[in-house]
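Step one of this worksheet: look at the structure below.
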Amino acid sequence: MSSYPYPLLKPPSFAWDRSHAPAEPKVNEWITTLEVSTAASTDWSAYDVAILGVPLSRSSISASAASENPEAMRRAWKYFTTYNLDHDVDLSDLRVLDLGDVRQHVTDIAQCHRNIREAMVQMRTHHPEVLPLMMGGDHSITAMLIKGYKDAHPEQRIGILQLDTHFDLRDLTDNGPSNGTPIRNLIESGTIRAEDVHNIGLHGFFNARSLKTYADETGVRYTTLRQARKKGVGEAVAEALVALGQQVDTIYLTVDMDVLDCSYGPGVPASTPGGMHSGELFEAVHAAGLFSKVKAMDIVCLDPFKDQREATVKTAVHVMLSFLTGYHQRLNKKEPDDPKGCL
């Protein structure tokens, strides 16, 4: 099992029965789960997207069971069809494989982070043409995933589109590699340049002044949610993607579910009033899916144990599918590459 399909991964705790394949499948009948018996001989050219669970939340500042989110999202796939009415797109011909989860140590967070970083290296080594889509886990995983991406592609300049209520620029001296520090971790480790980050979704009373000062002094780009709403969230995201695309080789999309207003995301540990509506978030990730330089995505900071009637988990699945709608249109050239032309 140590090589499933390469070291540091393990199969998901359950897999949906796909023996029945209807003409109009639900998402759980569409996404393929990697078979243990055939993992070593997988034909990676047969897939467009690889889903990876990263079940870590011991590194959260606030108590969180975000480690349970990958399984919760998998179980919620049954609620969705592959057809997106808003864009008249059927995802069923997009080839998506669920790889399972990154192995986690029971007590050693540093070891968990090393496993996550190495898992991304292996993903980019074994199937570099397959888009990685990660289900977290808390936001600390993003720093490790991007470091792994950089390890595999040291020649690439990596940018980040961050949809978040928080800067995630807390001081590593006080907070370590937690869910409050991933962006600063990447900047101070030299993995990325500060000016290659664009955060959209900041609002209200949830960031200390010192974090804004750090962002301004280092050159981190950001658009507050109030500013984004004035021009439209989709338009703001499209502008950020175009600007990032002019200076980087790869854009990594990270979606912290705390970007949602607390009424739309009751299962978010750090939920706040005044955040995005779910429709705004769906529009934002769809725009990102269309853009050719967006080559990886994660969804983080969702605690299904705090959720109400799976509302936030279902929203996270919708986020995933909305992004894949844009990606499907990108692959099939049904929309222009420039997301600003699609709004």
Side-chain angles (χ1 to χ4, degrees), residues 54 57 60-70 72-73 76-77 79-80 84 86 133-142 160-168 179-180 182-183 198-207 211 222-238 240 253-289 297-326:
V54 189
S57 56
S60 293
I61 294 171
S62 52
S64 169
S67 56
E68 307 307 307
N69 181 54
M73 286 184 66
W77 289 345
Y79 300 121
F80 297 83
N84 186 331
D86 291 316
L133 195 161
M134 282 65 63
M135 304 183 299
D138 69 40
H139 218 166
S140 75
I141 72 170
T142 298
I160 300 174
L161 176 64
Q162 178 186 0
L163 303 179
D164 204 331
T165 286
H166 305 97
F167 278 111
D168 287 352
N179 67 331
I183 305 303
H198 198 126
N199 184 324
I200 298 176
L202 301 159
H203 66 274
F205 303 88
F206 311 108
N207 290 277
L211 302 183
Y222 55 90
T223 303
T224 68
L225 185 54
R226 183 169 180 264
Q227 292 168 331
R229 280 183 169 143
K230 286 182 177 179
K231 63 178 63 178
V233 171
E235 177 71 17
V237 167
L253 170 64
T254 180
V255 180
D256 189 325
M257 292 296 286
D258 75 20
V259 77
L260 288 170
D261 183 272
C262 53
S263 62
Y264 290 86
V268 174
S271 63
T272 64
M276 281 190 190
H277 305 164
S278 55
E280 292 173 324
L281 182 54
F282 303 154
E283 183 179 0
V285 298
H286 173 255
M297 176 201 191
D298 69 37
I299 301 170
V300 298
C301 293
L302 195 173
D303 181 347
F305 289 0
K306 288 185 170 73
D307 209 4
Q308 299 293 320
R309 300 181 66 181
E310 300 178 90
T312 320
V313 172
K314 290 178 182 178
T315 301
V317 174
H318 201 306
V319 167
M320 180 185 85
L321 298 176
S322 297
F323 173 80
L324 291 178
T325 297

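We number each residue from 1, following the sequence as shown. Owing to the predicted nature of the structure, the values given are computational and were not obtained by experimental measurement.
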[atom2] on [Y] to [atom1] on [X], rounded to 0.5 Å:
{"X": "Trp77", "Y": "Met320", "atom1": "CH2", "atom2": "CE", "answer": "5.5 Å"}
{"X": "Phe80", "Y": "Leu321", "atom1": "CZ", "atom2": "CG", "answer": "6.5 Å"}
{"X": "Arg229", "Y": "Thr224", "atom1": "CZ", "atom2": "OG1", "answer": "10.0 Å"}
{"X": "Glu283", "Y": "Glu235", "atom1": "CD", "atom2": "CD", "answer": "9.5 Å"}
{"X": "Thr315", "Y": "Leu281", "atom1": "OG1", "atom2": "CG", "answer": "8.5 Å"}
{"X": "Arg309", "Y": "Lys314", "atom1": "CZ", "atom2": "NZ", "answer": "7.5 Å"}

Can you name the closest pair of heavy atoms from [X] and [Y] and give their distance?
{"X": "Ala236", "Y": "Ile200", "answer": "O-CD1, 3.7 Å"}
{"X": "Ala288", "Y": "Leu161", "answer": "CB-CD2, 4.3 Å"}
{"X": "Val268", "Y": "Met257", "answer": "CG2-O, 3.4 Å"}
{"X": "Ser62", "Y": "Pro269", "answer": "OG-CB, 4.0 Å"}
{"X": "Glu280", "Y": "His277", "answer": "OE1-N, 2.9 Å"}
{"X": "Leu225", "Y": "Gly274", "answer": "CD2-O, 3.4 Å"}

Quick check against the 3.5 Å criterion: does [X] have a side-chain atom that pairs as donor or acceptor with the backbone of [Y]?
{"X": "Asn69", "Y": "Gly136", "result": "yes"}
{"X": "Ser271", "Y": "Cys262", "result": "no"}
{"X": "Thr165", "Y": "Asp258", "result": "yes"}
{"X": "Asp307", "Y": "Val313", "result": "yes"}
{"X": "Ser57", "Y": "Ser64", "result": "yes"}
{"X": "Asp303", "Y": "Ala65", "result": "yes"}

(request) Please step through side chain to side chain contact (heavy atoms under 4.5 Å, CB included) for the pair Thr142 and Asp168, ending with a clear verdict. (result) CA-CA 11 Å; Thr142 298; Asp168 287 352; over 6 Å; no
(request) Show your working on side chain to side chain contact (heavy atoms under 4.5 Å, CB included) between Gln162 and Phe167 and close with a plain yes or no. (result) CA-CA 9 Å; Gln162 178 186 0; Phe167 278 111; 6.0 Å; no
Looking at residues at least two apart in the chain, or sitting in another chain, which of them share a side chain to side chain contact (heavy atoms under 4.5 Å, CB included) with [X]?
{"X": "Ala284", "result": "Leu163, Val233, Val237"}
{"X": "Thr325", "result": "Asn84, His87, Val89, Leu91, His286, Gln329"}
{"X": "Ser263", "result": "Asp261"}

(request) Mind checking ring pair (Phe, Tyr, Trp, His ring centres under 6.0 Å) for Phe323 and listing every partner two or more places apart, or none if nothing turns up? (result) none
(message) So, using ring pair (Phe, Tyr, Trp, His ring centres under 6.0 Å) as the criterion, who are the partners of His198 when residues are at least two apart?
(response) none
(request) Please state whether the rings of His318 and Phe282 are parallel, tilted or perpendicular, taking 30° and 60° as the class boundaries. (result)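 The arrangement is parallel - the two ring planes meet at less than 30°.
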(message) Under a plain distance cut-off of 3.5 Å, with no hydrogens placed, do Asp256 and His166 share a side-chain donor-acceptor pair?
(response) no
(message) Going by side-chain hydrogen bond (donor to acceptor under 3.5 Å, both in side chains), name the residues that satisfy it together with Asn179, two or more places apart in sequence or in a different chain.
(response) none
